Amino acid sequence: MTFPLPPIEWLLPDEDATVALAQRLAALVCGHAPESLPAGGRIHLRGELGAGKTSLARALLRAGGVAGRIKSPSYALLESYNVSNLYFYHFDFYRFSDAHEWRDAGFGELLDDQAVVLIEWPEQAGTRLPPPDLDILLEYAGTGRRAWLTACSEKGQLWLTHLTSSRR
């Protein structure tokens, strides 16, 4: 199988639909899916300012068990959480002006396959990042959003297969 595969369109007409998608993804990345996929994986979140990247990330973190305040990593660049020995790393590379900055910041060692890694604005790191398991492009669609989900690994393909088979 050659990756990335063609994207799957997912309409998000409102915040409830975004939360529902995040909850489904959280079950997969946290290892709670019926297929017993191992926990962890990398998701890239792309799209224009205000397209819903942080909203989707927050909803996924909340569904993954993160309690308390979930801050945007826009200024800190990274927010990390630990839930039952599963690490969540939420990055925001928007402010990077050079593709080398993410490595210079020491973030490379946090891209662990056993952790859930969410990266907003991954394109700011150029081609330096390893490919994600799942790439999500968010676009405006009227008053809602449209998500394009692309599997970039076997794990990502398993996630998409599960997501599309459980769609209502």
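Predicted, not measured: the structure shown is a model, and the values here were computed from it.
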Under 3.5 Å donor-acceptor, K53 side chain and H44 backbone
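Judged by distance alone, no pair lies under 3.5 Å.
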Those residues that, when tested against [X], pass side chain to side chain donor-acceptor pair (under 3.5 Å) (two or more places apart):
X: N82; value: Y87
X: T150; value: none
X: T161; value: Q157
X: E139; value: W148

For the residue pair [X] and [Y], establish whether any side-chain heavy-atom pair is separated by less than 4.5 Å.
X: Y89; Y: I119; answer: no
X: L138; Y: L12; answer: yes
X: L56; Y: T54; answer: no
X: S72; Y: Y94; answer: no

Counterpart residues, salt bridge (charged side-chain N to carboxylate O under 4.0 Å, His left out), relative to R42 (two or more places apart)
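Applying salt bridge (charged side-chain N to carboxylate O under 4.0 Å, His left out) to R42 gives D113.
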I'd like to know if the side chain of H90 pairs up with that of E120 as donor and acceptor (distance under 3.5 Å, no hydrogens or angles considered).
yes
Residue set satisfying side chain to side chain contact (heavy atoms under 4.5 Å, CB included) with V19, at least two apart, ordered chain then number -> E15, Q23, A59
